[in-house]
Protein chains: 4
Amino acid sequence: MPKVVPEYKETAKNRILEIAHNIFSRKGYYQTTMDDIASKVGVSKATLYIYFSSKEELFKGIYQNAPESLEQIFAATFGKGGDALQNARDFFDRMLKEYASHPALGFEVFSEATRNVALRKTLRGNYDRYVESTAKLLNQQTHGMISQYFDPRSLAQSLIALWNGMETLLVVGYPVSEVKKAWLDAFTSMFGLFRHPQK
Amino acid sequence: MPKVVPEYKETAKNRILEIAHNIFSRKGYYQTTMDDIASKVGVSKATLYIYFSSKEELFKGIYQNAPESLEQIFAATFGKGGDALQNARDFFDRMLKEYASHPALGFEVFSEATRNVALRKTLRGNYDRYVESTAKLLNQQTHGMISQYFDPRSLAQSLIALWNGMETLLVVGYPVSEVKKAWLDAFTSMFGLFRHPQK
Amino acid sequence: MPKVVPEYKETAKNRILEIAHNIFSRKGYYQTTMDDIASKVGVSKATLYIYFSSKEELFKGIYQNAPESLEQIFAATFGKGGDALQNARDFFDRMLKEYASHPALGFEVFSEATRNVALRKTLRGNYDRYVESTAKLLNQQTHGMISQYFDPRSLAQSLIALWNGMETLLVVGYPVSEVKKAWLDAFTSMFGLFRHPQK
Amino acid sequence: MPKVVPEYKETAKNRILEIAHNIFSRKGYYQTTMDDIASKVGVSKATLYIYFSSKEELFKGIYQNAPESLEQIFAATFGKGGDALQNARDFFDRMLKEYASHPALGFEVFSEATRNVALRKTLRGNYDRYVESTAKLLNQQTHGMISQYFDPRSLAQSLIALWNGMETLLVVGYPVSEVKKAWLDAFTSMFGLFRHPQK
DNA sequence: TATGAATGAGTGTTCATTCAT
DNA sequence: GATGAATGAACACTCATTCAT
C-alpha cells in the first residue's frame, strides 16, 4: 500500500501494462510503437491485440491503472499529521521519484486530453478525487493554521497545480534542489508558516 | 499594435509560422501533417520546405518565435504596480486568453523537451528570463509585503510553476471561475494578503 | 538443376530477390521503385521491408547472391581441359547468355562501387575468388603453352577484364558475332595460339 | 591538342558542362541534382534550363563533348611509333589519369545506354571512331609483328575492351601497379612480344 | 539573360492492425 | 491463447521543371 510505483499483478495483461508504461514514459505516445512494446514484453505484436483492442486502449490502461500515486503519496506524507513543513519535504521527495521514472508521460497525457473528451473525463475524475482527499487532509493538517477566509478545496487545487507546475521546472532543467526550495517556499508562504523560516 | 511600420507585410515565413502554430496547437505535433499545414497556408508541401528544412525545424520556429507572452503579460499586469490582487486577476485573464488559443502546445513542448536536449536548453533560456523578470517585478510589487525570509527568485519560480499548474486544471476541465479562484487564493496566501479577503 | 531437393520451395526472400534482380537489371537501380518490385512480386510494399530493411539492402542481396556465375562458367568451360579455343567459344556463349539477361546490372554495380566502400569490398572479395580460380585453371589449361615469362594470376586478371570489356562492346551495339570474334582473336593471340588459325 | 582533360571554352554553357562533368562523375547521374550543379556553377537552377532543356540533355552534353580522350591518348602514345611496350605503358598512365578524374561516369553511361537507344547510338559512333583509329595505328605500330592471321579491326576492339575491363579492376580496388602489370602482360602476349620480357 | 519562388508527382519507409494457422 | 506474415494508409521529404518578373 505504501508502494507508490504501480505494482501490477503478474497477469499477462498487467505485465504488458507495466512495460508499456515504461516505454511510453520514455519515448512518448507517438514515438512508441507496438513493436517496441511487444518485443520488450517478449511477445508478438498480435498478442498485444488479444489484451488491448488498440494502441490507444493500451495507453488508457496505463493512466487508468496508476493514478493513485498522487493521492497515496499525499496521504502517506501529509496524512500522518505532525510538522507540515517536513511533510511537504517528504511529499516532494516521493513525488520526485515518481516523476523521475516517467517524466514525459504526464505532459503527453495532458496534451492528449486537450483533444480527447473521454480522456479528459477520466482525468477529471482522478483530479476530483485528488482534490477531495487533499482538501480533507489540508483541513486536518492545517487546522487552525489557515485563515478562515480560505477555501480548503481551492487551496487543494492550488497545491496540486503547484506540484504539476514544479514538474515543468524540472523538465526545463532546473536543479532539483532549486525546485525543491521553490516548492517549500511556496508551501511555506501559502500556509502562513513564514514566521518559522526553515533553517 | 507593437508594429509601427504600417506597410506591415507578413513574410511568407511568418505566415506559415502563424498558421502552423494554430494547427500544431489544435492537433498536436505528431498528428499534424505537413500537408495539413501546406493546404491551410495555401501552398504546396514543397513550398514549406523552402522556408523550413524539416517539420521539426518548423515546430522549433514556433516556440522560439513567441515565448515573450508570459514575460510581456507579467510586465503588463504586475509591472504597473498598484493593487497586487487586481494585477493577479488581470494576469490570469490575459494568460487564459493566451492559453485558450493554444491549449495543447505547451504540454507537447514539455513532453518533447523530456527527450530533446536542444529544446530543453532553449526552454531553459526562456525560463531563466521569465524567472529573472518576474523576480524583479515581485521585488517592486511586493516591496515590504513579503517577509524577509523569502527569496524573490524562488517565489518567482513558484509563481510561474503555479500558473503552469493552473493550465493542467483547465485541461482537466475545471471551470475557469474555479481555476481563477484557486489561482487568486494561492496568490493571496502566498503574498500574505490573506488578511484582506477578496470580496 | 543444382537443386537436389525436389520440394524446392522458394522462400519468399528468394522469390523477391529473383524478381528484383530482373527489374533492377532492366531499369537500373534508381529507376526501379520498391513499388515496381512489390507489384511484380505480388505483395505489398510493406512486405518487402519484412525481408529487406531497405532498397539498398535488397540490392545488395542480389549481387551477393549470384556472383558465382563467372566462376562457375569458367570452371564449366575451361575446367574440362581439351581444346582451349573451343572452350573460349563456349565460355563466350554462356557468359553472353548471362550478360544478356541482366545487361545493365554490372555497370550499375561498378558505378555504385565507385562511391560505396562496402560494396567495393564485397566486389573485391568476389574478384579475388575469380582471379584465383581462373589462374588455377589457366595453369592447367595452358600448361606448357604459355611462355615462362608470364604470370598466370596477371593473365587471369586480364582475361576477366577482357570479358568485362567485351560487355561494353555489346552495350554499344556491336553485333554479337563481331564481339565474339574480337574475344576469340584476343584470346588466341594472348595464348600464343596464333600459329593455329581458327578455320 | 595534347591536352586530355576536356578543356571547354569559357562560355557559360561550357562552364556548366565542365562543372557538371565533375559532379556527375563524382556522384553519379541520379544522385546529382540540378541544385548541386547550379550552386557549384554559381547560378540559379533556372539558369541551367536556359542552356539545357533538361537534366538529361545536360548529361548528354558531357559525353558528347569529351569523347576524344581515348582517341587522342591512343594517338599520342601509339601514334609516335617506336617501342610498342613503352607506348603501352604511356597509354596506361595517361588513361589512368583520365579515369581517375571520373571513375564512375563511364559505368553510368554504359548502364544508361542499356536502356537508351539514342545514347547507345552516340556511343556507337564514338566507338566506331575509336576502333577505326586504333586499327589504323595498330597497323603501323605492329607492322610485320602480328601474324597475318589476325584482323587489326578485331584486335583494336579487343584492345579497347581490354582497357575498359581494366577500369573494372581498378574500381574493385586492385592496386594500380597490379592492374598495370595485367595490362602490360596482356598487351605483350597479344602482340607476340613475349619473347622480350619486360625487365 | 537571369532568377526567386513555387510545385506536381513521386519515393522510400513506417506502423497499427488483421488473420489464418 | 499465441503468432508469423502480410498490408493499407500514411507521411516526411525530394527534385526536375516552370514562370512571372
Side-chain angles (χ1 to χ4, degrees), chain A residues 11-13 16 27 29-39 41-59, chain B residues 11-13 15-16 29-39 41-59, chain C residues 11-13 15-16 29-39 41-59, chain D residues 11-13 16 27 29-39 41-59:
Chain A
T11 69
K13 192 162 179 173
I16 293 170
K27 308 178 70 166
Y29 179 79
Y30 292 100
Q31 271 154 316
T32 297
T33 72
M34 293 301 265
D35 261 316
D36 286 340
I37 298 170
S39 77
V41 174
V43 299
S44 82
K45 235 188 319 183
T47 302
L48 259 32
Y49 283 87
I50 294 173
Y51 296 98
F52 301 92
S53 65
S54 71
K55 187 185 180 186
E56 198 180 337
E57 217 58 36
L58 210 179
F59 189 59
Chain B
T11 69
K13 196 164 179 172
R15 226 177 89 72
I16 293 170
Y29 180 79
Y30 292 100
Q31 270 152 317
T32 298
T33 72
M34 291 302 263
D35 263 317
D36 286 340
I37 298 172
S39 75
V41 173
V43 297
S44 81
K45 227 191 324 186
T47 301
L48 258 33
Y49 284 89
I50 296 174
Y51 297 96
F52 301 92
S53 63
S54 70
K55 188 185 179 185
E56 199 182 336
E57 216 58 34
L58 176 47
F59 189 60
Chain C
T11 69
K13 196 165 179 169
R15 227 179 88 70
I16 293 171
Y29 180 79
Y30 292 101
Q31 270 151 319
T32 298
T33 72
M34 292 301 264
D35 263 317
D36 287 340
I37 298 171
S39 74
V41 174
V43 298
S44 81
K45 230 187 327 182
T47 301
L48 258 31
Y49 284 89
I50 296 174
Y51 298 96
F52 301 92
S53 63
S54 69
K55 187 186 180 185
E56 197 180 338
E57 216 58 34
L58 175 47
F59 189 60
Chain D
T11 68
K13 192 163 182 174
I16 293 170
K27 310 178 71 166
Y29 180 77
Y30 292 101
Q31 271 154 316
T32 297
T33 71
M34 294 300 265
D35 261 316
D36 287 340
I37 298 171
S39 78
V41 173
V43 299
S44 81
K45 233 188 321 185
T47 302
L48 258 32
Y49 284 86
I50 294 172
Y51 296 98
F52 302 91
S53 64
S54 71
K55 187 186 181 185
E56 198 181 338
E57 218 56 37
L58 208 179
F59 189 59

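Just so we're clear, the structure is a prediction, and the values are computed from it rather than from any experiment. Residue numbers start from 1 in every chain, and the chains themselves are labelled A, B, ... in the order their sequence lines are given, proteins ahead of strands.
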Original post:
side-chain hydrogen bond (donor to acceptor under 3.5 Å, both in side chains) with C:K45: which residues, sequence neighbours excluded?
Top reply: C:D35
Pair up each side-chain donor or acceptor in residues 46-53 of chain A with any protein partner under 3.5 Å, not counting sequence neighbours, and list the distances.
from, atom 1, to, atom 2, distance (Å)
A:T47, OG1, A:S44, OG, 3.1

**OP:** Figure out the CE/P separation between C:M34 and F:dG8, and round it to whole Å.
**Re:** 16 Å
Original post:
Under a 3.5 Å cutoff on both atom distances, Watson-Crick or G-U, what's the dot-bracket for DNA chain F ([ ] crossing, | other strand)?
Top reply: .||||||||||||||||||||
**OP:** Determine the contact category for A:T47: base if any of its heavy atoms lies under 4.0 Å from a base atom, sugar-phosphate if only primed atoms, P, OP1 or OP2 are that close, otherwise nothing.
**Re:** base
**OP:** Would you please name every residue forming a side-chain hydrogen bond (donor to acceptor under 3.5 Å, both in side chains) with B:E57, sequence neighbours left out?
**Re:** none
Subject >> Donor-acceptor side-chain pairing of C:E56 and C:Y29 below 3.5 angstrom >> reply: no
Subject >> DNA chain E contacts among residues 48-58 of chain D, heavy-atom distance under 4.0 Å >> reply: D:I50, D:Y51
**OP:** On DNA chain E, reading 5' to 3', which nucleotide is the first and which the last to sit with an atom under 4.0 Å from a heavy atom of chain B, could you check?
**Re:** E:dA6 to E:dG10
**OP:** Kindly write out the residues that satisfy side-chain hydrogen bond (donor to acceptor under 3.5 Å, both in side chains) with B:T33, not counting sequence neighbours, or none if the list is empty.
**Re:** B:D36
**OP:** Report the distance from atom NZ of A:K45 to atom P of F:dT7, rounded to the nearest whole Å.
**Re:** 13 Å
Original post:
Considering heavy-atom distances to DNA chain F, does B:D35 or D:Q31 have its closest nucleotide positioned more toward the 5' end?
Top reply: B:D35
Original post:
Taking for each residue the nucleotide of DNA chain E with the nearest heavy atom, is it A:Y30 or C:T33 whose nucleotide lies nearer the 5' end?
Top reply: C:T33
Original post:
Are any of the side-chain heavy atoms of D:M34 and D:L58 separated by less than 4.5 Å?
Top reply: yes
